[in-house]
Amino acid sequence: MLRPERMSKVSVTGSKRVIDDVIEATYEHHSLHVTDYDERYEGFEPGESLDGAETVNEKLVTVRSLESILGVEGGEADAARHLDDEALEAELADVRERVNDLNDRRDDLKSDIRDREEEIDRMEPFADLGIELDLLGGYDSLEVVVGEAKPDAVEATLADADGIDSFEVFAGSDVVAIFARPADGADDGVLQDSLVGVDIALLEVPSATASPSEYVAELERERDALQNDLDDVTAELDAVKEEAAGFLLRAEEQLSIEAEKKQAPLSFATTENAFIAEGWVPTSTFGDLKTAITEAVGDHAEVEELERASFTPDGDHHTEAVADGGAGPKAATDGGHAAQGDDDPPVVQDNAGAAGPFELLVQGFGRPKYSEFDPTLLVFLTFPLMFGFMIGDVGYGVLYAAIGVFLYSRYEGTFRELGAVAMWAGGFTILFGIYFGIDVFGYHAYQLLPGDIHWPVDGKGLSPADIDWALSFLVVSVLFGLAHLNVGHVLSFVSNYQQHDLKHALYEGGSWLLILNGAWIWIFSQHVPGPKPDFLFESFSILTFGAVSFGGFPVAVGYAAIVAILLGIVLLAIGEPPELAEVLSPVVNVISYARIMAVLLAKGGMALAVNLLAFGAYIDEGGEGSFHFIFTNNYLVNEVQAEASKELVFAGMTTAFTPEAGAVGILALVAGIVVAVVGHIVVLLLGVTSAGIQAVRLEYVEFFGNFYEGGGDSYLPFGYDRQYTTNDD
């Protein structure tokens, strides 16, 4: 699982007269990742599409256009079944004719409705004005202007206009009609010229014999009639969609398959009489592929395994030869390794079962290269652990798991994988919530259990009584980071050893292992104890409930750690001198894992704050104990305020409710419940954006940075997973 699936480079060489049968057999086997011909064979040229490719593509465009018009989506087909060419041709012609006719009618009706609505919009101001259209023009001695403006501004402007003898303004709600008599000798258009300084939008007077209101009413009737016709056409299109959706989905799938087959030779090397197709297959499937092609065309095609990609390349080679070198299209071999080009094998990540969905997180950084370790299994083992520790609450964990179950059961693909990740993260959140004192939305549920029960870990270090636990969790975070980074450097060491030699492994992996472990062993030693805080050593006793007492490694071990650090620096200086600038990164990167403890306290503090506002809380034992929530006014008065040993932190909203408080008390109770619900939803969401992002960051930056680059090629086998059609006649 730490390596991708083994891949083999294969070639299929044959006569052009069997190319169709070879493509068919290869397509149905659905295992060959075809690589494009790179013109390295003398006398060969890139192939051309098979006959009929253009016709198939035209039909495919037609089908997709009809699907777009009807709004057909996946999942609207009945059971998968065979669709032959004659049935496809006949039914496609019928559906195309019906849909195109209805779509043309729908477009015409929409255009007519749009015209009516534009005319209504143009006429409504005149209907609002209430003046017949024939009265708004045709005068010899009057000028008339209609527009959208404020009447007061118009009247004030025209009162001072020199070219106007008299005027009258008629106003509707948003429009004005201005009638004016020009002064003797005034130019034509003096009224409009006088209104230049007024904020007015001029309107053209329509030509219509009916009154504006009657004309608008007539237009609205026409529009409504057209809308009814449009609804009828839409209903007919919906009926066609219901009838033809399954056919169109099957046709699209069938034509997509045919188009891919007919365009396949574009990646082949061809002559007038022969072809060569090359690509990658999982090594375990090569025998089956060879058998399938042989059964289809006999000895008219030859299938060869040219090379087998290796995880441990020798020198500059990345593949192991499995066939003798030769002339012609088969490349010569050199030193036992085939030289068939420099195309890297595609990557098939081999992570079945529970770890599989975590490939999504790895691919978010980058698909592993074929020569790299696949870190999916390690992410599966660490990401939920970090997330669960940072949230550590049974209530939130149940909700995360429930969201995961919903996504996993309702969706496919990416959302299904996210659902699986959420279920694992929720499960670990529940486990750590139990460890932190059966923490349920920030409240310790174990306190409700009968009897005098003491939980081993009473909280997350937020209460005065358990501050030592917060410091202990800091040590836990650092130790986890140390172990996590050690795994990354070990993988780097192994990878460099396999791909190069022991010297490279020591320089590029061993040096960092020595510096990392030497630095932290020295930190946990008694050498120079003064600057080292006591909690580094006391935390072991706290975390093991007194079972383990650790006072630090002896001074001699501290000196040995310094020697290891110096040796690591020397190896780094010899092998990778530029990296000496990062010699402190092993210490810094481990300290970066302290964010795990920081998020733990932040999320716990947020949940505590929500509960304080909603329900109130006190601290027992004179302010040196743990937080306890109050909930009711009766408990606040009779238990908290009545005892000197209990220190009130905040009364809370719900404690204001009493039967005597009336509406105010009910409002406080409702407000407290709302604050609790909304507040915990916010904490739940922030848990994803903080704990989730921080856990992913530690994986991507601190962990992957030691051994993993990503950037591998996806495995895209030639073929199609049928969903709506079958091969059976």
Side-chain angles (χ1 to χ4, degrees), residues 390-400 429-430 432-434 436-455 457-467 469-470 599-687 690-691:
M390 284 188 275
I391 302 298
D393 187 288
V394 175
Y396 296 135
V398 169
L399 293 180
Y400 287 133
T429 302
I430 293 172
F432 279 108
I434 296 173
F436 291 134
I438 316 184
D439 208 5
V440 182
F441 298 116
Y443 181 77
H444 297 313
Y446 84 87
Q447 295 174 354
L448 299 177
L449 298 175
D452 185 15
I453 297 177
H454 177 71
W455 202 258
V457 182
D458 187 8
K460 302 170 181 175
L462 298 170
S463 298
D466 57 1
I467 188 65
W469 281 100
V599 175
L600 167 68
L601 296 183
K603 288 294 155 287
M606 292 175 66
L608 174 62
V610 170
N611 290 336
L612 280 174
L613 289 172
F615 308 121
Y618 68 90
I619 301 177
D620 59 4
E621 301 175 9
E624 298 178 356
S626 301
F627 285 103
H628 299 270
F629 298 111
I630 301 172
F631 296 106
T632 66
N633 181 270
N634 181 66
Y635 191 83
L636 172 66
V637 174
N638 297 325
E639 299 292 336
V640 179
Q641 296 176 343
E643 296 187 25
S645 63
K646 296 178 179 178
E647 179 180 327
L648 179 65
V649 178
F650 187 77
M653 295 181 179
T654 58
T655 60
F657 172 72
T658 61
E660 296 79 14
V664 174
I666 294 175
L667 180 62
L669 177 63
V670 172
I673 295 173
V674 169
V675 166
V677 173
V678 174
H680 285 302
I681 290 175
V682 170
V683 176
L684 181 80
L685 297 176
L686 289 177
S690 58

> Roughly how far, to the nearest 0.5 Å, is the CG atom of Asp393 from the CG atom of Leu684?
Replying inline: 9.5 Å
>> According to salt bridge (charged side-chain N to carboxylate O under 4.0 Å, His left out), who are the partners of Asp439, at least two apart in sequence or on a separate chain?
In response: Lys460
> Shortest non-hydrogen contact from Ala617 to Leu612?
Replying inline: CB-CD2, 3.2 Å
> What distance do Ile681 atom CD1 and Leu686 atom CG have between them, rounded to the nearest 0.5 Å?
Replying inline: 12.0 Å
> For Val599 and Ser690, which heavy atoms make the closest approach, and how far apart are they?
Replying inline: CG1-OG, 4.2 Å
> Are any non-hydrogen side-chain atoms of Tyr400 and Ile391 less than 4.5 angstrom apart?
Replying inline: yes
> Would you call Leu600 and Phe432 a side-chain contact if the rule is heavy atoms closer than 4.5 Å?
Replying inline: no
>> How long is the straight-line distance from CG of Asn611 back to OG1 of Thr654, given to the nearest 0.5 Å?
In response: 10.0 Å
>> For Val398 and Val440: C-alpha separation, side-chain torsions, deciding distance, then whether side chain to side chain contact (heavy atoms under 4.5 Å, CB included) applies.
In response: CA-CA 10 Å; Val398 169; Val440 182; over 6 Å; no
>> Using 0.5 Å steps for rounding, measure from the OG1 atom of Thr429 to the CE atom of Met390.
In response: 9.5 Å
> Which atom names give the shortest non-hydrogen contact between Gly605 and Leu462, and what distance separates them?
Replying inline: N-CD1, 3.5 Å
> Of all heavy-atom pairs between Gly672 and Ala614, which one has the smallest distance, and what is that distance?
Replying inline: O-CB, 3.3 Å
>> Please report the interatomic distance CD(Glu643) to CG(Asn638), rounded to the nearest 0.5 Å.
In response: 10.0 Å
>> Looking at every non-hydrogen atom in both residues, tell me the closest pair between Val610 and Val675 and how far apart they are.
In response: CG1-O, 3.8 Å
> Tell me, which pairs form a ring pair (Phe, Tyr, Trp, His ring centres under 6.0 Å) where one or both residues lie in residues 636-684, sequence neighbours left out?
Replying inline: Tyr396-His680, Phe441-His680
> Does any non-hydrogen side-chain atom of Tyr618 lie less than 4.5 Å from one of Ile630?
Replying inline: yes
> What's the shortest heavy-atom distance between Ala656 and Ala668, and which atoms?
Replying inline: CB-CB, 3.7 Å
> Are Tyr443 and Phe629 close enough that their ring centres sit under 6.0 Å apart?
Replying inline: yes
> Any side-chain heavy atom of Ile619 sitting closer than 4.5 Å to one from Phe627?
Replying inline: yes
> If you measure from OG1 on Thr655 to CE on Met653, what distance do you get to the nearest 0.5 Å?
Replying inline: 10.0 Å
